[in-house]
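Positions are given from 1, in the same order as the sequence printed here. Small disclaimer: the values here were computed from a predicted structure and weren't measured.
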Amino acid sequence: MSTPPEQHSKDPVDAIVEQWAQVRPDLDTAGMEVFGRVYRLARAMGDRMERAYARYGISRGEFDVLATLRRTGEPYTLSPRQLSGTLMLTTGGMTGRLDKLERAGLLRRSPDPHDRRGLQVTLTDDGLRLIDEAVGAGLAEQTEALSALDGERAAQLSGLLRELLLATER
């Protein structure tokens with residue numbers, strides 16, 4: 001369960017903000033307090049997710065490719081261009097991931113029947129099994145981390161972060 005606000009321990013961001021207050025009391029550090037924590041949380045959770053996926057022999061980036069194919073539903077097929085656009089990767093970055101995943105037997109590339117110059121990327125049965133297990137492991141890590149907050153506070157945080165993300169991406 002969560003700790004009442006008046007009993008919170010100090011974190012590394014508090015120390016940084018206090019240092020700035022000593023040397024530059026004129027600065028408004030509210031943004032630093034929020035985004036410093038968001039950055040540290042993203043980095044810490046990214047490391048946890050990386051370890052969770054490593055148990056399946058894949059990196060976070062490779063997970064993203066497999067998960068994107070899985071989310072599309074049957075027949076779990078997209079073009080390399082669609083994958084690159086969804087994952088915001090260059091075609092070169094995507095090619096490296098696809099090469100590794102294809103060598104591992106987790107996906108296959110085949111000619112696109114609707115475009116003679118195009119390719120399709122499809123999850124294999126092994127890829128489908130692996131991503132279904134890996135996504136469960138990743139969600140378990142996220143659920144464990146969120147257990148520091150009760151359900152209402154977790155939902156509130158999610159809503160606040162959504163608002164901030166939408167405003168920032170405009």
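Taken together through direct or relayed side-chain contacts under 4.5 Å among Ile, Leu, Val, Met, Phe, Trp and Tyr, L119 and V121 form parts of separate hydrophobic clusters. Hydrophobic clustering (side-chain heavy atoms under 4.5 Å, transitive across Ile, Leu, Val, Met, Phe, Trp, Tyr) keeps L165 apart from L161. Transitive grouping of hydrophobic side chains (ILVMFWY, heavy atoms separated by less than 4.5 Å) keeps V17 and V34 in distinct clusters. Neither V135 nor L146 shares a network with the other; the hydrophobic side chains, linked directly or stepwise wherever heavy atoms of I, L, V, M, F, W or Y lie under 4.5 Å apart, form separate groups for each. Hydrophobic clustering (ILVMFWY, side-chain heavy atoms < 4.5 Å, transitive): L139 and M45 are in one cluster.
Remark: of the listed residues P80, S79, S84, S79 is the sole one forming a side chain to side chain contact (heavy atoms under 4.5 Å, CB included) with Q82. Remark: of the listed residues L66, L107, L83, L89, L89 is the sole one forming a side chain to side chain contact (heavy atoms under 4.5 Å, CB included) with R97.
Considering OG1 of T29 and CH2 of W20, their distance stands at 10.5 Å, rounded to 0.5 Å. For the atom pair R70 CZ and D132 CG, the distance stands at 4.0 Å (nearest 0.5 Å). One distance of note links CD1 of I16 with CD of E18; it measures 10.5 Å at 0.5 Å rounding.
Closest approach of R60 and D47 over heavy atoms only: NH1-N, 4.3 Å. Across all their heavy atoms, V23 and P25 have their closest contact at C-CD, 3.6 Å. Considering all non-hydrogen atoms of both residues, T68 and D64 come closest at OG1-O, 2.7 Å.
Residue pairs satisfying the ring pair (Phe, Tyr, Trp, His ring centres under 6.0 Å) criterion with at least one member in residues 48-97, sequence neighbours excluded, are listed as follows: Y53-F63.
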Margin query: With side chain to side chain contact (heavy atoms under 4.5 Å, CB included) as the criterion, how do D99 and R109 come out once you've worked through the C-alpha distance, each side chain's angles and the decisive distance to 0.1 Å?
Written below: CA-CA 9 Å; D99 287 346; R109 287 182 271 199; 2.4 Å; yes

Next item on the list: List the steps, then state whether salt bridge (Lys or Arg N to Asp or Glu O under 4.0 Å) holds for R51 with E141.
Entry: CA-CA 10 Å; R51 286 189 298 274; E141 289 290 331; over 6 Å; no

Item checked: Check against side chain to side chain contact (heavy atoms under 4.5 Å, CB included), Q142 and R48 -> CA-CA 9 Å; Q142 292 168 353; R48 283 178 72 164; over 6 Å; no

Check: Yes or no on side chain to side chain contact (heavy atoms under 4.5 Å, CB included) for M94 and L98, after CA distance, side-chain angles and deciding distance?
Finding: CA-CA 6 Å; M94 179 58 64; L98 295 179; 3.8 Å; yes

Note to self: Is there a side chain to side chain contact (heavy atoms under 4.5 Å, CB included) between L106 and I58? Walk through the geometry before answering.
What the structure shows: CA-CA 10 Å; L106 302 175; I58 57 174; 4.1 Å; yes

Note to self: Pair R108, D126 - check salt bridge (Lys or Arg N to Asp or Glu O under 4.0 Å), show working.
What the structure shows: CA-CA 11 Å; R108 70 176 171 280; D126 287 346; over 6 Å; no

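Residues K100 and V65 have side chains not in contact (no heavy-atom distance under 4.5 Å, counting atoms from C-beta outward). The side-chain heavy atoms of R37 and E33, taken from C-beta on, include a pair separated by under 4.5 Å. Using a 4.5 Å heavy-atom cutoff, the side chains of L157 and R153 are not in contact. Side-chain contact between Q19 and Q22 is absent, with no heavy atoms from C-beta onward closer than 4.5 Å. Counting only heavy atoms from C-beta outward, the side chains of L78 and L69 approach each other to under 4.5 Å. Residues E50 and S59 have side chains in contact (heavy-atom distance under 4.5 Å, counting atoms from C-beta outward). Side-chain contact between L130 and E133: absent, with no pair of heavy atoms (C-beta onward) separated by less than 4.5 Å.
A donor-acceptor pair under 3.5 Å is absent between the side-chain atoms of S158 and the main chain of A155, judged by distance alone.
Within a 6.0 Å radius of CZ in R55, other residues, nucleotides and ligands contribute more than 12 heavy atoms. Within a 6.0 Å radius of CG in D115, more than 12 heavy atoms belonging to other residues, nucleotides or ligands are found.
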